[in-house]
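First the proteins, then the strands, lettered A, B, ... as listed; each starts at 1.
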Amino acid sequence: MTTTIEPGEERIPAPPPRHAARKQDRAPKQNFETWSWYFMRVSGLALVFLALTHFSITHIINDVVETDSVFVAERWDNPLWRLFDWALLALALLHGLNGVRWIIEDYVQSPAKRALTKALVYAVSFTLFAYGTFVIVTFDGGAL
Amino acid sequence: MSSAPTVYKGKSGQWAFISHRVTGFLVFMFLLLHIIDVSLVIIDAELYNEVHELYGNVFLRLFECGLLLALLYHSFNGLRIIAVDFFPGVIKHEKQLTGVVTFFTFALGIPGSIIILWPFIDGTLL
């Protein structure tokens, strides 16, 4: 059986057939970095929607000066918007934190400095995550 | 930074890698600041309003345009990375994909920036 090669296609060699792969190649060990890689893609996909919707609402559909505390109260009157904002907070922070972790691992060479930088970024991120969650959950629009 | 020759030679993938890092880092830094400014709303609503009015001045509006462009670039380039990772065949169209990312960043970013700067453009705000 012959296969026709379209012009321009011959530069990329065909991948080896699947059955040629050795057993260990087919099931690579799943470690933390594998999950971190998947997480960046899945959360990134969600964030394209969440972050761009959020930006459109607060800067394009409404002018930024209209987003005062009354605006927040009206929006957070609906628990689904609180959930939306909390999902954005959680995913953006984790996605950003993991990205910064990769940057630190690339550029901070000394083990002591690297541990210190990571500890600082993790502490700030988790504190702001806890605080942001507290704000979204406890905000009381009626008290304004 | 060392002056040793690098493996890459400044083709689209390397620029995309650097741009993705820079935009991601900047958006993350803004996120940290943004959590703090929004959280003022439960401490003191008046203070929140005062701090928030600052976002309406022209310098911070320009900053918001930069944030929009960074968000759009990081979003579309992220989609490109996902496409290349999960459908390796599309690497054949790498150049066109980079062009699509750049096109959408500016196609949405420029009109968006005009809307953000509008109160300044039409003279409502100086």
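- In terms of hydrophobic clustering, with Ile, Leu, Val, Met, Phe, Trp and Tyr side chains grouped at heavy-atom distances under 4.5 Å, A:L120 and B:F25 are assigned to different clusters.
- Both B:M29 and A:I103 belong to a single network of hydrophobic side chains, linked directly or stepwise wherever heavy atoms of I, L, V, M, F, W or Y lie under 4.5 Å apart.
- Between chain A and the residues B:H20, B:E53, B:H34, B:E64, the largest count of heavy-atom pairs under 4.5 Å involves B:E64.
- Annotation: maximal heavy-atom pairing with chain B below 4.5 Å, among A:V135, A:T138, A:L45, A:I136, occurs at A:V135.
- Other residues, nucleotides and ligands contribute more than 12 heavy atoms inside 6.0 Å of the CH2 atom of A:W76.
- At most 12 non-hydrogen atoms from other residues, nucleotides or ligands lie less than 6.0 angstrom from CD of B:E46.
- The CD1 atom of B:I35 sits 5.0 Å away from atom CG of A:L89, with the distance rounded to the nearest 0.5 Å.
- For the pair B:Y55 and A:V65, the minimum side-chain heavy-atom distance is 4.5 Å or more.
- Side-chain rings of B:F28 and A:W102 stay apart, their centers remaining 6.0 Å or farther from each other.
- The 12-atom threshold is exceeded at CZ of A:F129, counting heavy atoms of other residues, nucleotides or ligands nearer than 6.0 Å.
- No continuous path of ILVMFWY side-chain contacts below 4.5 Å connects A:V70 to B:L40, so the two sit in separate hydrophobic clusters.
- Ranked by non-hydrogen atom pairs under 4.5 Å with chain A, the options B:I43, B:N49, B:L60, B:L67 are led by B:N49.
- Linking ILVMFWY side-chain heavy atoms closer than 4.5 Å, directly or via other members, places A:F55 and B:L54 in a single hydrophobic cluster.
- With a 4.5 angstrom heavy-atom cutoff, B:H74 touches chain A only via side-chain atoms.
- Side-chain contact between A:V64 and B:I116 is absent, with no heavy atoms from C-beta onward closer than 4.5 Å.
- Within a 6.0 Å radius of CZ in B:F103, no more than 12 heavy atoms belonging to other residues, nucleotides or ligands are found.
- For A:D106, the part sitting under 4.5 Å from any heavy atom of chain B is the side chain, from C-beta outward, and nothing else.
- No side-chain heavy atom of B:F76 sits less than 4.5 Å from a side-chain heavy atom of A:V48.
- Proximity to chain B is absent for every atom of A:F49, based on heavy atoms less than 4.5 angstrom apart.
- At a 4.5 Å heavy-atom cutoff, the contact between A:L93 and chain B is made by backbone and side-chain atoms alike.
- At a 4.5 Å heavy-atom cutoff, the contact between A:D63 and chain B is made by side-chain atoms alone.
- Within 6.0 Å of the CZ atom in B:F86, the count of heavy atoms belonging to other residues, nucleotides or ligands exceeds 12.
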Exercise. Decide yes or no on side-chain contact (heavy atoms from CB on, under 4.5 Å) for A:F71 and B:H52, but give the supporting numbers first.
Key: CA-CA 12 Å; A:F71 178 90; B:H52 226 76; over 6 Å; no

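- The distance from the CG atom of B:L72 to the CG atom of A:L52 is 5.5 Å, given to the nearest 0.5 Å.
- Other residues, nucleotides and ligands contribute at most 12 non-hydrogen atoms within 6.0 Å of the CZ atom of A:F134.
- The contact between B:L32 and chain A is made by backbone and side chain atoms together, counting heavy-atom distances below 4.5 Å.
- A:I104 and A:F126 fall within the same hydrophobic cluster, defined by Ile, Leu, Val, Met, Phe, Trp and Tyr side-chain heavy atoms under 4.5 Å apart, directly or through other members.
- Heavy atoms of A:F139 lying under 4.5 Å from chain B belong to its backbone as well as its side chain.
- When heavy atoms are compared at a cutoff of 4.5 Å, A:V72 approaches chain B solely by way of its side chain, counted from C-beta outward.
- Heavy-atom distances place no part of B:L108 under 4.5 Å from chain A, backbone and side chain included.
- Looking at A:I60, the atoms closer than 4.5 Å to chain B (heavy atoms on both sides) sit in the backbone and in the side chain alike.
- Proximity of B:I115 to A:H59: side-chain heavy atoms (C-beta onward) are nowhere separated by under 4.5 Å.
- One finds the CG atom of A:L47 at 8.0 Å from the OG atom of B:S75 (value rounded to the nearest 0.5 Å).
- Annotation: the span from A:M40 atom CE to B:D85 atom CG amounts to 12.0 Å, rounded to 0.5 Å.
- Looking at B:Y48, only its side chain comes within 4.5 Å of chain A, counting heavy atoms on both sides.
- Interface remark: A:V124 contributes side-chain atoms only to the contact with chain B (heavy atom separation under 4.5 Å).
- Of the atoms belonging to A:S56, not a single heavy atom falls under 4.5 Å from chain B.
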Quiz item: Does the side-chain contact (heavy atoms from CB on, under 4.5 Å) test come out yes or no for A:R41 and B:I81, once each step is laid out?
Solution: CA-CA 8 Å; A:R41 272 125 195 97; B:I81 293 171; 3.4 Å; yes

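- Heavy-atom distances place the side chain of A:V100, and not its backbone, under 4.5 Å from chain B.
- Remark: B:I42 CD1 to A:S69 OG distance equals 13.0 Å, nearest 0.5 Å.
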